[in-house]
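Just so you know, these numbers use all the heavy atoms, side chains as well, and skip hydrogens, waters and symmetry mates. Remember, it's 1-based here, ligands and their atoms both numbered in the order they're listed. Values in this document were obtained by computation on a predicted structure and should not be read as measured data. When a residue number appears, it is its place in the shown sequence, counting from 1.
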Amino acid sequence: MDNVRVRFAPSPTGPLHIGGVRTALYNYLFARQNGGKMILRIEDTDSQRFVPGAEEYINESLAWLGINIDEGVREGGPYGPYKQSERRDIYRKHVKTLMDAGKVYLAFDTPAELEARRSSTPNFQYDASTRLSMRNSLSLPEEEVQRLLDEGAQYVVRFKVEPGRDVEVNDLIRGKVVIKSDILDDKVLYKSADDLPTYHLANIVDDHLMKISHVIRGEEWLPSAPLHVLLYEAFGWTDTMPKFVHLPLLLKPDGKGKLSKRDGDRLGFPVFPLEWHDPKSGDISSGYRESGYLPQAVVNFLALLGWNPGDDTEVMPMEELISKFSFDHCSKAGAKFAFEKGKWFNHMYLQNTDNLTLAQLFRPVLNTNGVDTSILSDEYIASIINLVKGRINFVNDLWDQTRFFFMAPTEYAPKDIKKRWSTETPRIMEELIVLLQSTTDFSSASAEPVVINWITDHGYHMGNVMNAFRLAIVGECKGPHMFDITELLGKDETISRLRAAIGRITPAE
Ligand code: GLU
């Protein structure tokens, strides 16, 4: 497809929700597939809801996920500025165009007046049936309007929705949706109080000026689409109106309804890409990045929430998603947020990540746990990771699986002592020390037969001796292959741990 230009248009009103991330991703996949442009537009016209740090959070999240932006606040581009609060002149001019064409009117009703009307008229709607009973430039005499303006009275500009129209929204996922204009209200497009447009006006004007070809956004915006169609018409832009694509909602993993932050807290999964520190309350919400997810896994998991490739393929890196993505295989129905599947994707992507890369991701976890990693090479950490990789879902899981490599045990699991450490054991472990001291090649392949032969030659119990050995080295009877562990720990450390265990463990009777 030629000249594909899509935009992700978040409002910086808080941390970007995982549903917003999916919207950004689908925009990106579609743009890349068609050799088009991905635009990031910051829709910050609601000054009341502005949250400091939210814009930086959006940038950082998209960068982490590999959703690259072609035009935006930081990237620049031919249609800037890309932040709506910096486009006031443009909106003012467009409000005037609509005003001159008689498509909008000024409304002077105060919040108190509107409130009074709402409480006296059930289901009150500001529209063709009520507007003449309100205080606006359609109902008031011209001189009165002029007087109010001269006095500096505050007003809003409302869109004059004509009743009796069938408004058609053509959606690439939902097909043709027809809505009667009678149910629409005369939406506010601009407020004199802060000299800012509302979402509807700014969004339409920018999509037009930025030559957006496809508006891909969440289903929650579908109710706004008929108004948007009417606005394109009012401006005379119907011929270049973008195609609409409303993506299915993300639903709770269990039960009905929209996925919420509370579901995440209740079931224990993040609903934000990155950890978020709320500037007002100080609350911290968990993020996928800090929880040990790989960005590639998050991308793959999200891509399949609302879309499928037409077959059972699940593991698809970004390039494959880009080539396979299509709106034809997007569902209309909401997608359950199966977060367990997210873990599975992470497991799969971890298996496909090389150990040196994992070593770098593991370093901060080691540091947090008090390990001085400055003396450890990436190669050494990588060879430890190699032994346990198959068992982990998250980088953070590595700590539980490998801690004994970095810190000698100081405690020993009582149930394993009971089972494996008898009064006989210290003597046998002393013998093992002597044997290991005389072993020159400590590699797993060489040391293993040496120890196994010694156990068999002396008629010792294989399970008891090997588990006692493990208890001394690991602190409990679990972990990867014993001789792989000792190879990495080396001879001195292995022997010193055996000695320590002999000194510390009180044998079971
Ligand atoms: N600013 C809106 C949001 O926060 C944009 C919706 C749209 O894409 O039109 O999602």
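Nearest protein neighbour of atom 8 (O) of ligand 1, counting heavy atoms only, is R7 NH1, 2.7 Å. Closest protein heavy atom to atom 4 (O) of ligand 1: S11 OG, 3.2 Å. Regarding atom 10 (O) of ligand 1, its nearest protein heavy-atom neighbour is W221 CZ2, 3.3 Å. The nearest protein atom to atom 2 (C) of ligand 1, hydrogens excluded, is given as A9 O, 3.3 Å; this is a heavy-atom distance.
Residue-level proximity to ligand 1 for F8 is absent, since no heavy atom of it falls below 4.0 angstrom. Contact annotation: for V215 versus ligand 1, there are no heavy atoms closer than 4.0 Å.
To the nearest 0.5 Å, the span separating CZ on F30 from OG on S213 amounts to 6.0 Å. One distance of note links OH of Y293 with NZ of K343; it measures 6.0 Å at 0.5 Å rounding.
Annotation for ligand 1: atoms under 4.0 Å from non-hydrogen atoms of N203 are 7 (C), 9 (O). Interface of E43 with ligand 1, defined as ligand atoms under 4.0 Å from a residue heavy atom, comprises 1 (N), 2 (C), 5 (C).
Annotation: cation-pi geometry satisfied between R158 and Y126 (NZ/CZ under 6.0 angstrom from ring centroid, within 45° of ring axis).
Taking the six-membered ring wherever Trp is involved, the centroid distance between the rings of F337 and F269 falls below 6.0 Å.
Between the side chains of H246 and R174, not a single donor N or O lies within less than 3.5 Å of an accepting N or O. Using modelled atom types and a 3.5 Å distance limit, the side chains of K243 and N170 yield no donor-acceptor pair.
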